[in-house]
Amino acid sequence: MTKRFGLDAALFSVKAYMASMLAIYIALSIGLERPYWAFLTSYIVAQPLAGAVVSKAMFRVIGTFIGAGMAVIMVPVLVNAPELLTIAIGAWLALCVFVSLLDRTPRSYAFVLAGYTAVLIVLPSVDVPGTIFTVATLRVQEITIGILCGSFVHALVLPRSVSAFMLQRVANILADAERWSSDSLLLDGDPAIDKERQRLALDVTELHQLSIHLPYESTRIAPRIRTVRALQDQLSLIMPLGAAVTDRIGQLRAAGSISAEVESLLADTRHWFSRLDAMPLGERESAATALQERSCALEPRVGPDASWDELILLSLLSRLASLIGAHRDCRLLAEQLSTPSTRPISPRASELVEGRRGRELHRDFGGATRGAIGAFFTICIGCALWIGSGWHEGATAVMLAGVFTALFAAAPDPLAPLRAFFLGTLIATLIGLLYGFVIMPRLDGFLEYALAMAPMLLMLGTLMQSPRWGGIALPMLLGLGSPVLVSDQYVGGFAGFVNGALAQLVGIIYAIVVIRLLNSTGSHAAIRSTVRAGWADIAERANLMSPPDVRAWINRMLDRIALLAPRLAMAGRSPGQPLYDALRDLRTGVAIGELRELRLALPPTRRGPLTEVLQKVGEYYRGLDPDRPAPADPILLEDIDIAMTAVLNDQDPELSRAGALGLVSLRRNLFPASSPTPKALAA
C-alpha cells in the first residue's frame, strides 16, 4: 500500500501536476491556440523514473516531427483527391504500426507517434488545406512544450533514478533465481518450481526494457548497457539449466541411484545458493570453483559400457556445474552494475561484458501485419462513415480511433485498455461538465484555475501508479484536457463540449468494433504464431551446418515465453502446460546447438548418425500443429539411440562426453517416458 498509494505515488502526482500547469501557463503565455495539447502531452510522457521520462520525451519529439512532416507533405498534394488522401494517411499509420510492432522496445513509441501525429493533423485540416503548415507547426510547438515541461520537472525535481530502480530489481531477481535454483536441487522436488522459474523470462524482458532508458539517466553514472546485456545472458541460462537439473535429479531419485557423494554435493550447493547475497567476491568465486571441481570429479567416465543411470548422472553433474557458474557470473555482473566506475572489477567481468550485443527478440511479422491492416482499415472505413454521415465531429472520432488502434496494437488484449478508456472518458465527461460550466465560470486568472484543478489532477495522478486504477485514471486525465477546460476562453461552449465528448466516446466504440471484427481470433492467432515461430526456429536450427549461436536462441525463446504468458492469461487458458512445452522446446534447442557443435568437430565420415537425428528433429518440429501437437516419431527415438551408441564408441573421450550430454538432453526432452533398453546402449 505504501508503494502504491504512499509517498512515491504522491510525489509522482505532484510532479505531473506541476509539469501540466507549467505547460499550460507557457502555452497560454505565448498565445498558442490549443494549450490542451501541451497539457495532455505532459501527462502522456509522465513516468516515475527520470530517465524513462527523458527517453520517452526524446522518442516523442522525433515521432512528432516526422508525423507533422508527413502531414505537410500529404495534404497539399492529395487534398483534391479525398479517397487517395484517406488511403495515404491509412497506409502511413499502418506502416508506422508495423515497424513499431517489430521493434518492441520503448523506441517503438517514436514510430507509433509518427503515425498518429499525422492522423491528428491531417483529418481536422482537410476542410482548410491551406493552413496545414500552420496547424502542423502549432501542433509541434504545443506537444514540444508539454514534452519539455514533463521532462524538466520529472528529471530535476526529486528524480527517481532508473539506475537505482534497476539495481533494486536486479537484487530481487537474483534472490528469486537463487531460491528457485536451490529448490530445484531438493531430492523431493516440487513440480511448481518450473512454473516459478518461468518468471525469469518476464524479468529478463523487464531488464531489457529498462536498459533502453539508461543513456538518458540524469542522477548518476548509469550502468553500461553491455553489462546489462551480459547479465541478461547469464540469467537466461538459469532457466534451461535449472530445469535440466531438476529433471535429472528426478530420474536418479526414481531409480534409487543418487550416491551419498552426490547428495552431499547437492546439499553444499544449496547452502552456497543461500549465502550468495552475503558472500564477498573472493569467497564466492573460490566456493563456486570448488563446487564445480567436485562436480567434475564425480562425473562417470562414459564409454561403450556406460549405463543409462551413468549418462543421467553425467548430465546432472555437468548441468549443475554450469548452473553454479551462471549464478556466480550473475552476482559478479550485478556488482559490476553497482559500481560507478566503468572499469571491470575482475578479469572474468571483463570477459563476460566483452562483445555483448543487443538482445535478440522474437519478431512476429504476422502479428505486425495484422496490426497494420487493422490500423489501415480503421482510418479508411472511419473516413467513409464520417464523410457519409456528414457529422462534423466525425473527424475527431476517426482520428481518436486511429490513435487507439496504433497505441494498443501491441497489447495482449487491445479491448481491455479500450474498455477502460471508455469508462474513464465517460467519467471525465461528467466531471468536465461540473468544472466547465459550474466551477470555472467563477474563476479569475490562472492561479485560481490551477488551484481548482489541483484536487482532481492530484488524485488522478496518484491513481495512475495503481495497477488496478491506472487504466481508468489516465483516460480521465486526458478527458479533462478538453478544449473547453484548458483554454483562455470557452471554445465552442456547452454544445462544443458535448460534441467533443461524444466524438471521443464514439471513437473509442468504433475502435472496439473494428478490433473485434478484424481480430476476432487475434489472441488465439497470436498464441499459435508465437508457438509455431519457436518450432520453426528449432526446425531451421537443426539443419544448419554453421556454428550455433546458443545465446541468441535462448534469448529469443525466453522472449517468446514472456509474450505467451499474458496472452494465455487473457485467453483464459492455464499457462502451466503450454509454457512447460515452451521450456521443453528451449532445452531442445540448446541440445541441438550442442549436437551441431559436435557434428562440426567430427570428421565428415562419422557425422552420419548425428545428421540423421538432427534432420528428423527438424522434420518433427516443422510438422507440429499447435492445436494438436503430436508426440515424436518412435523412429526418431531409435535414431537417437543409434547415435548414442556411435558417440559412446568414439575413441575421443571428450567427443563421447559431449555427444552423450546432447543426446541425453534431446532424449529426455522428446521422449521423457522412455528409458533405453540395454540393447540400445550396447556397443
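The shown structure was predicted, so the numbers you read here are calculated from the model rather than taken from an experiment.
Remark: R667 engages D641 in a salt bridge, criterion side-chain N to carboxylate O under 4.0 Å. The pair R348-E351 counts as a salt bridge, with a side-chain nitrogen and a carboxylate oxygen less than 4.0 angstrom apart. With respect to D537 and R556, a salt bridge is recorded, a charged nitrogen being found less than 4.0 Å from a carboxylate O. Between R657 and E299 there is a salt bridge, since at least one side-chain N of the basic residue sits less than 4.0 Å from a carboxylate O of the acidic one.
There is a side-chain donor-acceptor pair under 3.5 Å between R587 and N669. Residues R328 and T289 bring no donor and acceptor atom of their side chains to less than 3.5 Å of each other. Side-chain atoms of N172 and Q168 form a donor-acceptor pair, as typed in the model, at a separation below 3.5 Å. Between the side chains of D585 and Y621, a donor-acceptor pair is found at a separation under 3.5 Å. For the 3.5 Å distance criterion, the side chains of D650 and S656 fail to qualify, holding no donor opposite an acceptor. Checked by atom type, the side-chain pair S108/D103 shows no donor-acceptor distance below 3.5 Å.
Side-chain atoms of R607 come within 3.5 Å of backbone atoms of R599 as a donor-acceptor pair (strictly under, hydrogens ignored). The backbone N or O of S318 lies less than 3.5 Å from a partner atom in the side chain of S322, making a donor-acceptor pair. Put simply, the side chain of T339 never gets that close to the backbone of Q336: no donor and acceptor are under 3.5 Å apart. A donor-acceptor contact shorter than 3.5 Å is absent between the side chain of N649 and the backbone of P304. Using modelled atom types, one side-chain atom of D364 and one backbone atom of G367 make a donor-acceptor pair closer than 3.5 Å. Checked by atom type and distance alone, the side chain of S315 never pairs as donor or acceptor with a backbone atom of L311 at under 3.5 Å. Side chain of S264 to main chain of A260: no donor-acceptor pair is present (N/O by atom type, distance under 3.5 Å, no hydrogens or angles). Within the 3.5 Å criterion, the main-chain N or O of R270 finds no donor-acceptor partner in the side chain of R275. Under the 3.5 Å distance criterion, the side-chain polar atoms of R541 are matched with a main-chain donor or acceptor of G589. Between the side chain of R363 and the main chain of L102, a donor-acceptor pair closer than 3.5 Å is present.
No side-chain heavy atom of R294 sits under 4.5 Å from any side-chain heavy atom of E261. Side-chain contact between L610 and L663 is present, with heavy atoms from C-beta onward closer than 4.5 Å. In this structure, L265 and L320 have side chains that are in contact, with non-hydrogen atoms separated by less than 4.5 Å. At least one side-chain heavy atom of R596 sits less than 4.5 Å from a side-chain heavy atom of I592. Side-chain contact between R668 and Q251: present, with at least one pair of heavy atoms (C-beta onward) separated by less than 4.5 Å. The shortest side-chain heavy-atom distance between R551 and S236 does not fall under the 4.5 Å cut-off. No side-chain heavy atom of E263 sits less than 4.5 Å from a side-chain heavy atom of L266. Using a 4.5 Å cut-off on side-chain heavy atoms (C-beta onward), V302 and E310 make no contact.
Here the closest heavy-atom approach between residue M644 and residue V647 is recorded as O-CG2, 3.2 Å. Listed here is the closest heavy atom pair of A660 and L314: CB-CD2, 4.1 Å. When all heavy atoms of V590 and W553 are compared, the pair lying nearest together is N-NE1, 3.5 Å. L237 approaches A326 most closely through the heavy-atom pair CB-CB, 4.4 Å. Summarising the geometry of A591 relative to S665, their closest heavy-atom pair is CB-CB, 3.8 Å, with the distance given to 0.1 Å. Nearest heavy atoms, I324 versus W272: O-CH2, 3.5 Å.
Here CH2 of W535 is found 11.5 Å from OG1 of T530. Values are rounded to the nearest 0.5 Å. With values rounded to the nearest 0.5 angstrom, R248 atom CZ is found 13.0 Å from I258 atom CD1. Taking CG of L666 as the reference point, atom CG of L614 lies at 8.0 Å (rounded to 0.5 Å). Within the model, atoms CD of Q292 and OG1 of T269 stand 9.5 Å from one another, a figure rounded to the nearest 0.5 Å. The distance from the CZ atom of R622 to the CZ atom of R532 is 11.5 Å, given to the nearest 0.5 Å. Within the model, atoms CG of L670 and OH of Y620 stand 6.5 Å from one another, a figure rounded to the nearest 0.5 Å.
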Could you go through S529 and H362, starting from their C-alpha distance and side-chain angles, then the distance that decides it, and tell me whether this counts as side chain to side chain contact (heavy atoms under 4.5 Å, CB included)? CA-CA 11 Å; S529 66; H362 168 63; 5.7 Å; no

**Request:** Tell me, with the steps shown, if R331 and E178 meet salt bridge (charged side-chain N to carboxylate O under 4.0 Å, His left out).
**Result:** CA-CA 10 Å; R331 280 292 173 183; E178 287 155 7; 2.7 Å; yes

Discussion item. Side chain to side chain contact (heavy atoms under 4.5 Å, CB included) for L586 and L558? Distances and angles first, verdict last.
Written reply: CA-CA 8 Å; L586 168 61; L558 286 183; 4.0 Å; yes

Report task. Before giving the answer on side chain to side chain contact (heavy atoms under 4.5 Å, CB included), spell out for L252 and V262 the whole-Å C-alpha distance, their side-chain angles and the decisive distance to 0.1 Å. Result -> CA-CA 11 Å; L252 293 175; V262 173; 5.6 Å; no

Between S181 and L323, is the side chain to side chain contact (heavy atoms under 4.5 Å, CB included) condition met? List the steps. CA-CA 8 Å; S181 291; L323 182 63; 3.9 Å; yes

